[in-house]
Number of protein chains: 2
Amino acid sequence: MIILDYRDKRPLYEQVTEKLMLLITGGALSPGDRMPSVRSLALDLSVNPNTVQRAYAQLEQDGYLTTITGRGNYVSEKKLWQAGHENALRTQLKEVLEKVRDGGLSEEGARDCVREVYEEQGRMRS
Amino acid sequence: MIILDYRDKRPLYEQVTEKLMLLITGGALSPGDRMPSVRSLALDLSVNPNTVQRAYAQLEQDGYLTTITGRGNYVSEKKLWQAGHENALRTQLKEVLEKVRDGGLSEEGARDCVREVYEEQGRMRS
DNA sequence: ATAGTGTATTAAATGACTTAATACACTTAT
DNA sequence: ATAAGTGTATTAAGTCATTTAATACACTAT
């Protein structure tokens, strides 16, 4: 379900959080779907239950999951995370744009990057 | 000369490296200019000399500084870092673009962000 | 010679992350 | 009711990168 990258400098719980989020927003997991239990996912990833717990807690905080004690974690309705997700993406992009803009990259240069990256997506679909 | 942000999660040496780099690429420091000594900058920033040394070493590695043992660190000629700098900015931007693209942000959404951020720059100039 | 450079090394302190071992309350199925 | 499986919380220990501290050495300029 998930593959962890131990060369990545980011903490494990952050990787788990991000990958699960992508499975949800990408539609691989649908609203109402039950998530694997904290313990079982920890076993799958060869990771401590606390680490998975931390990821689940973050995902619930951000509206992607709804937790029911004793039952499990369930993917939330789209309306609960859609807006926040879109906003987070834009904020993330803008922060880097401000950084590279201050670093001297021209608006044209930035547009080039956008074009290249989204052309790349086109190739992936074919 | 530099103000450190202790709320920033990134290590100090990384902040110092980035800020000095911006002073160089931004033209506040010109090729040939002598940098403050490792010890004096460390005093200025209330930071350990090792931390400054690490920043200087990174800047030399990336071509922004030329080090002469016993004399000091000097801002390198533009040709030594110009290309690498431009490339680093593009790579940095592209990595985030791929991330938000995979997260579901449309190409139009990305273009909006570019427009907004560079409009912001226009306002700063006035 | 003396003072100021960059550089290197070793030791200790700090803090975030991770693992480990439990424990408890709740829900479901038997 | 009992047992198994949930989420949740706590405490302790270990790991690792970062940072500080204290030196030491080679080089350069005055």
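Note: hydrogens, waters and symmetry copies are ignored here, and every other heavy atom, side chains too, is used. Here is the naming used below: chain letters follow the sequence lines, and residue numbers restart at 1 for every chain.
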Tell me: [atom1] of [X] to [atom2] of [N], nearest whole Å?
X: A:Arg7; N: D:dC16; atom1: CZ; atom2: P; value: 18 Å
X: A:Tyr6; N: D:dT15; atom1: OH; atom2: C1'; value: 14 Å
X: B:Asp8; N: C:dA16; atom1: CG; atom2: C1'; value: 15 Å
X: B:Glu60; N: C:dG6; atom1: CD; atom2: P; value: 11 Å
X: A:Glu14; N: C:dT18; atom1: CD; atom2: P; value: 9 Å
X: A:Gln58; N: C:dC17; atom1: CD; atom2: P; value: 11 Å
X: A:Tyr56; N: D:dA9; atom1: OH; atom2: C1'; value: 18 Å

Check your understanding: Same cluster for A:Val52 and A:Ile68 if Ile/Leu/Val/Met/Phe/Trp/Tyr side chains link at under 4.5 Å?
Key ->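 Looking at the clustering, A:Ile68 is in a separate group from A:Val52.
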Exercise for review: Take the C1' atoms of the five end pairs on each side of the helix from C:dA1-D:dT30 to C:dT30-D:dA1, get both axes, and report the angle to 10 degrees.
Suggested key: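 The two end axes of the helix from C:dA1-D:dT30 to C:dT30-D:dA1 meet at 10°.
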Review point. When the nearest nucleotide of DNA chain C is assigned to A:Thr69 and to B:Ile68 on a heavy-atom basis, which residue is associated with the more 5' position?
Key: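 Taking each residue's closest nucleotide, the earlier one in sequence belongs to B:Ile68.
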Review point. Got a donor-acceptor contact below 3.5 angstrom from the B:Lys19 side chain to the B:Ile3 backbone?
Key: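 Checked: pair present.
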Check your understanding: Taking B:Gln15 for the side chain and B:Asp5 for the main chain, is one N or O donor matched with an acceptor at less than 3.5 Å?
Key ->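 Yes.
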Point to revise | Residues A:Arg115, B:Glu107: salt bridge by 4.0 Å N-O rule | key: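 Not counted as a salt bridge, because no side-chain N and carboxylate O are separated by less than 4.0 Å.
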Point to revise | Check ion pair A:Arg90-B:Asp112 (N to O, under 4.0 angstrom) | key: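 Yes.
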Check your understanding: Any side-chain heavy-atom pair from A:Tyr64 and A:Ser76 closer than 4.5 angstrom?
Key ->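 Not in contact.
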Review point. Can you tell if the side chain of A:Asp8 reaches within under 4.5 Å of the side chain of A:Glu14, non-hydrogen atoms only?
Key: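 Side-chain contact under 4.5 Å: no.
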Ignoring backbone atoms, establish whether [X] has a side-chain N or O less than 4.0 Å from OP1 or OP2 of [N].
X: B:Tyr13; N: D:dT19; result: no
X: A:Arg71; N: C:dT28; result: yes
X: A:Asn73; N: D:dG7; result: yes

Point to revise | Nucleic acid contacts - residues 34-55 of chain B versus DNA chain C, non-hydrogen atoms under 4.0 Å | key: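 Residues of residues 34-55 of chain B under 4.0 Å from DNA chain C: B:Arg34, B:Ser37, B:Val38, B:Arg39, B:Asn50, B:Gln53.
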Check your understanding: Would A:Tyr74 and A:Leu65 count as a side chain to side chain contact (heavy atoms under 4.5 Å, CB included) if you check the C-alpha gap in whole Å, the side-chain angles of each, and the deciding distance to 0.1 Å?
Key -> CA-CA 5 Å; A:Tyr74 297 84; A:Leu65 294 184; over 6 Å; no
Review point. Of all heavy-atom pairs between B:Ser106 and A:Tyr118, which one has the smallest distance, and what is that distance?
Key: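 For B:Ser106 and A:Tyr118, the tightest heavy-atom pair comes out as O-OH, 3.4 Å.
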